[in-house]
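Here's the structure, in structure tokens; my notes come after.
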Number of protein chains: 2
Amino acid sequence: MMAGLRERKKEQTRRRIAEAALRLFAERGYDEVTVNEVAEAAGVAKVTLFAYFATKECLVLDEVKEDMARIVTERPPGLSPLGALRAHYRAFAREAPGVDAESLLTRVRVISGSPALLAGVHQAHIGQRYELAAALEREPGDLIARLLAAQITAVITTLQEQFFHRLTCGAPLAEAGQRLADEVDIAFDLLERGFAASYGDKS
Amino acid sequence: MMAGLRERKKEQTRRRIAEAALRLFAERGYDEVTVNEVAEAAGVAKVTLFAYFATKECLVLDEVKEDMARIVTERPPGLSPLGALRAHYRAFAREAPGVDAESLLTRVRVISGSPALLAGVHQAHIGQRYELAAALEREPGDLIARLLAAQITAVITTLQEQFFHRLTCGAPLAEAGQRLADEVDIAFDLLERGFAASYGDKS
DNA sequence: TTTGAAATTGAACCCGGTACGCTTTATGCT
DNA sequence: AGCATAAAGCGTACCGGGTTCAATTTCAAA
């Protein structure tokens with residue numbers, strides 16, 4: 001394997017492109033920057049850029065992909081799928097203060113500032129929904145599993161939106177993380193027990 | 001108002017475009033047809049086509065837009081939001097055998113055959129999620145309402161997918177409608193009572 | 001019948017993304 | 001070391017969705 005000089009250069013190029021992209025998007029807004037400009041700023045041809053990133057959206061979103069399906073399939077024995085996901089997101093919320101706030105924040109701002117990127121995020125969540133449904137299925141075509149997968153991803157999307165919104169409004173990372181943790185519990189309680197008690201019966 | 005000759009011509013043109021589009025898409029597939037071809041087939045300039053339909057997707061999807069928010073805001077007094085939505089979709093399922101199966105089916109086939117259109121459908125559902133959340137909000141920033149809106153739209157998306165899938169597999173409209181009605185009840189029961197009983201506790 | 005606004009058009013243009021054929025460069029083999 | 005090969009990069013031309021703009025036609029109202 002030899003540590004691969006070639007491999008190293010590839011990763012380096014990929015990072016140069018991604019960094020140039022994020023910098024330009026942060027400066028002038030996603031929709032105001034063309035992929036040609038990104039390529040030029042990264043010192044690379046447009047064709048090369050698209051060899052590393054399938055679409056313009058991927059320049060921002062590729063490094064943010066989650067996968068909930070894995071959390072379910074690799075959960076410790078004795079834990080329910082919902083329990084595993086709840087634990088995971090609770091842990092994420094509590095670790096929030098540890099991550100690099102600077103880079104996270106600019107990425108969030110870029111995403112929140114562009115309808116196209118927000119749509120991309122939603123599409124990514126849709127993709128996760130199918131994977132999660134497959135992971136939850138107990139028998140082929142299990143309707144309950146599909147409904148559960150759909151509801152979980154919808155809930156996570158909502159929580160992520162709230163989290164992003166607070167960050168872009170200037171909330172400190174620690175506080176946003178704390179509130180996220182609380183909301184994770186609220187949301188999963190609702191998933192487990194339903195809305196009848198907290199909503200459906202009123203009015 | 002004079003019945004407006006102008007207005008009539010406009011609607012007529014719009015219909016000519018939409019029909020030409022659906023016909024071509026059904027014949028050769030959405031991605032294999034260019035908007036130029038649609039415009040030509042409709043006897044109209046590309047620029048005119050885009051005066052009527054904002055995007056290529058809209059050629060197929062504009063006539064399918066629902067709005068759940070209205071169902072909630074205009075529900076009869078004494079009925080909960082969840083109750084109103086359940087009743088609406090149950091009614092839709094039972095009326096299914098009444099609609100024009102031919103045209104519905106080709107549209108469904110066109111949509112199901114194109115990833116781009118499926119993505120468009122999902123985006124439309126996202127849009128409805130925000131409207132529904134606004135309709136459900138009891139106070140500004142009501143988290144429960146947002147979660148509920150997210151889960152409802154996710155559920156409806158799933159049920160719609162199941163319905164479409166059965167239709168494209170050749171199920172008769174009446175049967176697909178019947179199963180949809182059953183699934184609507186299952187799904188809304190889960191929304192109201194949660195997954196703990198039917199899923200979360202096992203394994 | 002004139003006048004003005006709305007509908008329609010062709011043509012040029014922008015941008016994301018692809019196809020193709022060519023050069024360069026790391027690497028594995030001898 | 002030297003060489004063949006495959007991978008990485010590049011330039012250019014192209015495609016299709018979508019917009020801009022100035023020019024023209026068409027309805028309708030006064």
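Keep in mind that what you see is a predicted model, and the values were worked out from it rather than measured. Quick note on labels: first sequence line is chain A, next is B, and so on, each numbered from 1.
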Between [X] and [N], is there a contact of a side-chain N or O with OP1 or OP2 at under 4.0 Å?
X: B:Tyr52; N: C:dT8; answer: yes
X: A:Lys9; N: C:dA26; answer: yes
X: A:Thr48; N: D:dG11; answer: no
X: A:Thr13; N: D:dG9; answer: yes
X: A:Lys10; N: D:dA8; answer: yes

What is the separation between atom [atom1] on [X] and atom [atom2] on [N], rounded to the nearest whole Å?
X: B:Leu24; N: D:dG17; atom1: CG; atom2: P; value: 12 Å
X: A:Arg8; N: D:dA8; atom1: CZ; atom2: C1'; value: 16 Å
X: B:Tyr30; N: D:dG16; atom1: OH; atom2: P; value: 14 Å
X: A:Leu59; N: C:dG17; atom1: CG; atom2: C1'; value: 12 Å
X: A:Arg28; N: C:dC15; atom1: CZ; atom2: P; value: 10 Å
X: A:Glu32; N: C:dC15; atom1: CD; atom2: P; value: 10 Å
X: A:Arg14; N: D:dA8; atom1: CZ; atom2: P; value: 13 Å
X: B:Lys56; N: D:dC15; atom1: NZ; atom2: P; value: 16 Å

Surrounding CD of B:Gln160 (heavy atoms of other residues, nucleotides or ligands, distance under 6.0 Å), is the total greater than 12? yes
In terms of side-chain heavy atoms of [X], which of [options] is nearest?
X: B:Val44; options: C:dT9, C:dG16, D:dG11; result: C:dT9
X: A:Phe50; options: D:dG18, C:dT18, D:dG17; result: C:dT18
X: A:Val47; options: C:dA7, D:dT12, D:dA8; result: D:dT12

Determine the contact category for B:Val38: base if any of its heavy atoms lies under 4.0 Å from a base atom, sugar-phosphate if only primed atoms, P, OP1 or OP2 are that close, otherwise nothing. nothing
What nucleic acid atoms does B:Phe53 come within less than 4.0 Å of, heavy atoms only: base, sugar-phosphate, or nothing? nothing
Ring of B:Phe53, cation from B:Arg14 - is the NZ or CZ under 6.0 Å from the centre and inside 45° of the axis?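 The answer is yes, since B:Arg14 meets both limits relative to B:Phe53.
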Charged N to carboxylate O under 4.0 angstrom, B:Glu27 versus B:Arg23? yes
Could you check A:Arg166 against A:Glu183 for salt bridge (Lys or Arg N to Asp or Glu O under 4.0 Å), going step by step and ending with a plain yes or no? CA-CA 13 Å; A:Arg166 289 209 184 94; A:Glu183 293 178 344; 2.9 Å; yes
How do A:Lys46 and B:Lys46 order along DNA chain C: which one's closest nucleotide is nearer the 5' end? B:Lys46
Short question: side chain of B:Tyr30, backbone of B:Val60 - any donor-acceptor pair under 3.5 Å?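 No, B:Tyr30 side chain to B:Val60 backbone: no donor-acceptor pair under 3.5 Å.
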